[in-house]
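As structure tokens, the structure follows; a few thoughts come after it.
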Amino acid sequence: MTTEAATAPAADPDDLGAALDRLLAEQPRHVRGLIMKGDLFDRQGDGRAAQSFYRLALSVAEAGPPPPPALAADLERARQGAARESARYRAHLDETLTRAGLTPGTMSGRVQHALALANGEARLFLQEPSSFYFPGLPQIQFYDPAEFEWAAEIEARTEAIAAELDAVLARRGDFDPYVTNDPNRPGKTHRLVDNPDWGAFHLLRAGPVPGNADQCPQTLAALALAPQPVITGRSPMALFSLLRPGTHIFAHNGLLNTRLICHLPLIVPPGCRLRVGSETRAWERGRLLIFDDSIEHEAWNDSAETRVILLFEIWRPEISADERAALTVLFEAIDAYRGAPPEMDG
């Protein structure tokens with residue numbers, strides 16, 4: 001990042017503009033020069049152009065080493081200028097849309113999200129699975145449970161499922177850690193590894209879990225309504241997920257974008273929430289949350305009580321039956337591969 005002083009201001013704005021143009025032609029990422037160029041456009045009444053220079057200057061400053069103290073006032077002026085223009089721009093858009101009869105109550109959620117992205121009020125989050133990416137799928141953070149014909153029936157069984165959870169908790173009192181290390185893979189290092197603050201009671205792990213599944217027949221009957229993948233060694237997958245008070249599940253991306261994750265909230269004190277991409281929602285007992293976990297997500301329990309949900313996965317509805325069959329064969333082949341050398345003839 002270049003931070004040396006720009007050419008001294010000239011009395012004539014045209015002369016100043018020409019001097020800044022020469023400076024930025026030689027050093028396109030000169031932070032103070034970019035800010036001064038933004039100042040010039042701001043004084044000329046072109047806030048849109050000013051904002052573009054302010055934003056670039058701030059981006060360059062944030063990406064490099066800590067800026068010198070001499071730049072602090074300039075950077076603060078750029079931040080204020082960018083924020084001021086962003087507010088003006090949003091007011092202009094809102095006024096134009098309102099005149100056309102378009103308000104938050106009449107616009108779709110997608111249009112409102114696009115508006116927030118266009119004005120820099122929301123960050124763009126896309127599918128970034130850590131293991132396997134299937135192309136051509138829509139970028140949807142949360143799905144509407146009403147779009148799934150089986151969802152209402154599972155929600156209707158909340159009390160029966162919660163009763164089985166209560167019985168499990170009464171017998172066990174706690175769950176095993178959700179995140180554990182695999183001895184055949186490099187070890188994880190974050191604080192939730194082998195930590196029961198994020199606990200799991202597995203019901204299905206590529207089939208019923210002996211000793212666990214038979215304690216929850218009503219839960220298994222409800223899960224049978226959902227289109228869960230059936231993949232040898234991998235799916236179906238379902239568990240009670242426990243989050244102790246004060247626990248934060250850090251931002252991360254799931255392994256695949258071929259599935260959706262479903263949460264049926266069962267024990268949900270106030271102060272618990274889930275962020276997927278740019279949207280944060282609170283869990284509500286008996287109301288499904290269905291989301292794409294290949295998009296960055298995180299969760300909090302800021303209450304003084306334990307939170308527990310039923311967690312399971314389903315096929316993404318946009319993937320056809322033929323594609324599901326092909327993916328099942330592919331995933332089973334991936335899991336079967338161990339990289340063993342071929343046998344040598346002796």
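Numbers here are sequence positions counted from 1.
Looking at Asp194 and Val179, their side chains never come closer than 4.5 Å, going by heavy atoms from C-beta outward. Using a 4.5 Å cut-off on side-chain heavy atoms (C-beta onward), Leu169 and Phe175 make contact. Between Asp174 and Leu242, some side-chain heavy-atom pair lies under the 4.5 Å cut-off.
Grouping Ile, Leu, Val, Met, Phe, Trp and Tyr residues whose side-chain heavy atoms lie under 4.5 Å apart, directly or via other members, leaves Trp300 alone, with no other cluster members.
Other residues, nucleotides and ligands contribute only 12 or fewer heavy atoms inside 6.0 Å of the CZ atom of Arg287. Around CD of Glu147, the count of heavy atoms belonging to other residues, nucleotides or ligands within 6.0 Å exceeds 12.
By the salt bridge (charged side-chain N to carboxylate O under 4.0 Å, His left out) test, Glu332 is found to be paired with no residue, residues two or more places apart in sequence or in another chain being considered. Applying the salt bridge (charged side-chain N to carboxylate O under 4.0 Å, His left out) criterion to Arg110, with sequence neighbours excluded, gives no partner residue. With sequence neighbours excluded, the residues satisfying ring-ring contact (aromatic ring centres under 6.0 Å, His included) with Tyr178 are Trp198. For Glu323, the salt bridge (charged side-chain N to carboxylate O under 4.0 Å, His left out) test picks out no residue, with sequence neighbours left out. Annotation: salt bridge (charged side-chain N to carboxylate O under 4.0 Å, His left out) contacts of Glu155 (sequence neighbours excluded): none. Partners of Asp42 according to the side chain to side chain donor-acceptor pair (under 3.5 Å) rule, which considers only residues two or more places apart in sequence or in another chain, are Arg84. The side chain to side chain contact (heavy atoms under 4.5 Å, CB included) check on Glu318 picks up Leu137, Pro138, Ile140, Tyr143, Arg316, with sequence neighbours excluded.
Note on residues 69-97: no pairs pass ring pair (Phe, Tyr, Trp, His ring centres under 6.0 Å), not counting sequence neighbours. Sorted by first and then second residue, the pairs that involve residues 51-72 and meet ring pair (Phe, Tyr, Trp, His ring centres under 6.0 Å), not counting sequence neighbours, are Phe41-Phe53. Here ring pair (Phe, Tyr, Trp, His ring centres under 6.0 Å) pairs that include residues 94-122, with residues two or more places apart or in two chains, number zero. Every pair passing side chain to side chain donor-acceptor pair (under 3.5 Å) that includes a residue from residues 259-268 is listed here, sequence neighbours excluded: Arg259-Asp293, Arg259-Glu313, His263-Trp283.
Remark: of the listed residues Asp166, Leu223, Leu266, Leu266 is the sole one forming a side chain to side chain contact (heavy atoms under 4.5 Å, CB included) with Ile161.
For the residue pair His252/Glu296, the side-chain donor-acceptor check at 3.5 Å is not satisfied. With hydrogens and angles left out, the side-chain atoms of Ser294 and Asp292 include a donor and acceptor closer than 3.5 Å. Using modelled atom types and a 3.5 Å distance limit, the side chains of Ser241 and Arg307 yield a donor-acceptor pair.
The residues Arg99 and Glu95 are annotated as salt-bridged, a charged nitrogen and a carboxylate oxygen being separated by less than 4.0 angstrom. The residues Arg90 and Asp94 are annotated as salt-bridged, a charged nitrogen and a carboxylate oxygen being separated by less than 4.0 angstrom. A salt bridge is defined here as a Lys NZ or Arg NE, NH1 or NH2 lying under 4.0 Å from an Asp or Glu carboxylate O, and Arg275 with Glu279 fails to meet this definition.
For the atom pair Leu165 CG and Phe240 CZ, the distance stands at 5.0 Å (nearest 0.5 Å). The SG atom of Cys262 lies 4.5 Å from the CD1 atom of Ile290; values are rounded to the nearest 0.5 Å. Between the CD atom in Gln80 and the CD atom in Glu85 there is a gap of 14.5 Å [rounded to 0.5 Å]. A distance of 10.5 Å separates CG in Asp197 from CD1 in Ile249, rounded to the nearest 0.5 Å. Between Leu56 atom CG and Ile35 atom CD1 the span is 10.0 Å, to the nearest 0.5 Å. For the atom pair CG of Asn301 and CZ of Arg273, the computed distance is 9.5 Å after rounding to the nearest 0.5 Å.
By the criterion of side-chain heavy atoms lying less than 4.5 angstrom apart, applied directly or through intervening Ile, Leu, Val, Met, Phe, Trp or Tyr residues, Leu220 is grouped together with Leu225 in one hydrophobic cluster.
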